[in-house]
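These notes concern the structure reproduced below.
Just follow the structure's listing: the first ligand is 1, and inside any ligand the first atom is 1. Here the structure is a predicted model, which means the values were calculated and not measured.
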Amino acid sequence: MDTMTLTWSILYVLMSVTIMFFMFRLIWMDNSEYRPFLLLALFCAGLIQVAKIAGISSPTWEGYFQASKLEYLGKCYVSAFSISFVTRFYKIKTPRWLMVLLYFVSMGFFFIILFDDYHHLYYSYLSHEKMARSVDYAVGHGPLYFVYMGFLFCVLASFLIVCRYHYKKEGKYHKDLSFQILLMVGGTLPFVGVALCIVGALNGTDFTPIFTGLSVIIMSYGVMKYGLFDPVALSKEAVITSTNTGVIVFDRYKRYMYANDIAKSILNTVDFDQYNVEGYELESLFATPGRIFERGEKSYEVNTAEINNKENKIEGFLAYFTDVTDLFAQNKELNKLKAKAESTAAQKSTFLANMSHEIRTPMNAILGMSELALKQNPDDKTKGNLEQIRNASESLITIVNDILDVSKMESGKFKITESKYSLRKMVEGVEQIERRVLDEKGLKYSVDIDESIPDELYGDDIRIKQVLINLVNNAAKYTEEGSVAVRVRSHKGRTPDEISLEFSVKDTGIGIKAEDKDRIFKNYEQTDAGLSLRTEGTGLGLSICKELVSLMHGSIGVESIYGTGSRFYFEIPQKIAKEGYVERKETYQEATASWMAKNVKALVVDDTEVNLKVTEGFLNIYGIEADLADNGQAAVSKAITSSYDLIFIDKLMPQMDGLETIREMKANGVEALFIALSGDVTEEAQAEFKENGFEDFLAKPLMMSNLEQCLLRHLSEDKIIRS
Ligand code: ADP
């Protein structure tokens with residue numbers, strides 16, 4: 001074997017080994033529908049190399065030409081398999097008949113070459129001598145050779161068209177672009193070889209086997225390098241193409257590169273086929289991430305993300321459109337419902353506040369007048385009647401207060417305000433309020449506060465008292481005979497300056513069935529036994545207690561033996577008061593049964609005559625003389641001409657209301673202690689009074705006990721005579 005033949009043989013062997021290497025690599029990769037075609041193309045290219053080795057190393061010219069027929073088996077099919085691979089890879093639907101035709105024509109050419117000895121239409125002559133400085137024998141080309149070349153150029157052209165078509169359709173994102181280039185180079189190479197051969201370059205040596213081998217190697221390299229068969233990469237791409245989310249890819253300079261079909265249909269005014277898609281619309285995608293983008297009846301949320309490489313450097317950007325039409329519609333609907341619910345709740349609160357105000361004003365007269373009449377030593381029968389009026393009115397007021405509390409609870413307006421207070425005084429206050437009810441039933445009442453509990457605590461004593469009053473009141477309501485016992489114990493708190501305070505109210509009443517124990521803490525729930533016993537009550541008391549206790553981070557419960565009695569208890573964390581803890585302004589003054597005011601003059605302003613009389617009557621009991629005014633204007637004149645220690649002003653009055661009246665008085669230099677009277681007991685109203693210069697506030701209906709507390713709070717010791 002001469003050196004040239006040896007050199008070429010080595011070259012073909014190297015080519016065959018490389019092809020085999022790529023074949024094995026492909027076989028090891030995951031299966032996909034286009035892999036067999038690439039494998040077959042590689043096989044054909046390998047066959048060409050092997051045939052070539054056999055041909056050039058054959059000692060006879062017949063051997064060379066017989067081997068070249070085998071070579072043509074590979075040559076004829078390699079282009080057919082390559083084009084099948086590309087079309088399937090790019091998912092381009094090609095008519096079946098066209099592919100069948102391609103394979104038949106390829107086969108046809110193979111047979112034409114195989115039987116050339118009989119027709120010489122492919123090779124016009126075959127030289128018996130090798131060409132100078134070549135391993136190949138010279139040949140003359142017959143007409144079918146040129147037909148075959150034409151056919152091959154058509155295959156090449158369609159191969160390039162397929163690549164170009166895909167490139168235009170799918171965009172130019174970099175990975176695909178590099179692969180495209182490799183494919184095009186690979187696809188074109190064999191023809192370069194043929195062309196070189198035809199023009200007789202390279203001493204007429206046939207370069208097509210080498211170029212065909214290189215062609216399939218380059219294609220296979222592209223497949224491996226860019227992981228086009230990598231199932232993970234493919235799935236990621238599949239997600240982008242099949243997702244409902246519109247995806248647009250930009251390079252690191254925010255230049256458009258790729259858009260999936262959804263993105264194109266969303267941004268249908270943008271011409272994505274333009275090589276350079278620019279314009280405000282795409283750039284504006286980066287403006288406000290998370291913004292809503294409306295197109296027709298659809299709403300999309302637009303977001304952007306950076307695409308970073310392994311070194312965490314920005315490689316590009318991703319803009320994606322998520323269809324939020326349904327979510328948006330639901331949100332709109334929910335917002336509408338929410339607004340409606342809020343406005344209904346607000347209307348309800350306003351209605352309740354107004355109603356309670358309206359009820360409180362006449363109740364002031366009923367309660368006040370019955371109280372006053374009781375103070376005037378009536379005969380026993382009248383006294384009994386008056387007491388009934390008073391008790392019924394008090395129950396009614398409790399109901400109104402409970403309904404207001406529930407409405408506050410529902411709108412989340414219930415607040416806990418902490419201050420320093422005296423535990424024992426607070427518990428005594430409960431007895432003062434409940435004393436009469438207990439006495440009427442002849443129930444024994446006892447209080448047992450553990451001595452070790454410090455008296456000065458820090459918490460919301462008003463709310464604790466409200467719960468305690470409720471429990472004691474219930475105990476009295478549902479107990480016909482026996483006793484009601486209040487016990488206060490303390491347990492270790494969560495921190496050294498905190499204790500866990502446990503209140504319990506035990507009665508010897510009707511008791512509660514086990515199945516009713518949870519129910520009674522819910523709104524409007526009453527037990528059958530409770531119902532049959534009495535008709536008063538709304539079933540709100542305990543649910544308010546539960547809410548209050550939980551607002552104070554505590555818990556409430558009940559133990560009961562049906563028919564024997566109940567023990568309600570609640571436990572709340574309370575801080576031990578320290579130096580510097582602020583006391584509530586409206587603290588409870590010890591009400592002494594007998595005290596009188598000395599030289600105290602008051603002015604009462606109210607547009608309702610009967611209310612004027614009630615307040616006046618109450619004040620008189622404590623020896624306070626009162627001037628009356630039934631409108632703001634008259635009150636201002638009186639306050640300017642005479643001097644008063646106390647001025648009580650009703651809030652709601654025609655023409656000049658309570659707030660205007662106090663402003664006018666203050667503007668005229670009137671100095672006194674201003675106390676507001678109002679049926680509006682909301683915290684907002686109380687804050688308004690404070691802002692306008694009122695020192696204190698008394699809720700209507702005016703209770704003597706409240707008035708007394710208020711007077712004791714504000715009158716200086718020298719104005720009080722205790723007996
Ligand atoms: P109301 O007392 O206005 O009906 P509550 O919420 O205060 O509403 O109480 C709910 C129900 O629990 C009562 O109707 C009554 O049946 C029952 N209940 C409450 N306290 C006691 C008690 N001390 N003894 C027996 N039953 C009670």
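Atoms of ligand 1 lying under 4.0 Å from at least one heavy atom of Gly511, given by number and element, are 25 (C). Taking every non-hydrogen atom of Lys477 and a distance limit under 4.0 Å, the qualifying atoms of ligand 1 come out as 1 (P), 2 (O), 3 (O). Close approach of ligand 1 to Gly539 (heavy-atom distance below 4.0 Å) involves ligand atoms 1 (P), 3 (O), 4 (O), 6 (O), 8 (O). Listed by number with element, the atoms of ligand 1 under 4.0 Å from a non-hydrogen atom of Leu542 are 5 (P), 6 (O), 7 (O), 9 (O), 10 (C), 12 (O), 19 (C). Residue contact check: Leu540 has heavy atoms under 4.0 Å from atoms 6 (O), 8 (O) of ligand 1.
For Ser490 (side chain) and Leu501 (main-chain N/O), no donor-acceptor pair under 3.5 Å exists by modelled atom type. Proximity of a side-chain donor or acceptor of Asp645 to a complementary backbone N or O of Lys601 within less than 3.5 Å is detected.
Between Arg489 and Asp448, at least one side-chain nitrogen of the basic residue sits less than 4.0 Å from a carboxylate oxygen of the acidic one, meeting the salt-bridge criterion. A salt bridge is defined here as a Lys NZ or Arg NE, NH1 or NH2 lying under 4.0 Å from an Asp or Glu carboxylate O, and Lys425 with Asp461 fails to meet this definition. For the pair Glu717 and Arg722, the salt-bridge criterion is met [side-chain N within less than 4.0 Å of a carboxylate O].
An N or O contact shorter than 3.5 Å links Asn474 to ligand 1 by distance. Any N or O atom pair closer than 3.5 Å counts here, and Tyr478 shares at least one such pair with ligand 1. When only interatomic distances are considered, the shortest N/O to N/O separation between Phe568 and ligand 1 does not fall below 3.5 Å.
Only the side chain of Ile512 comes within 4.0 Å of ligand 1, counting heavy atoms alone; its backbone N, CA, C and O stay farther away.
Between atom CD of residue Glu371 and atom CE of residue Met704 there is a gap of 5.5 Å, rounded to the nearest 0.5 Å.
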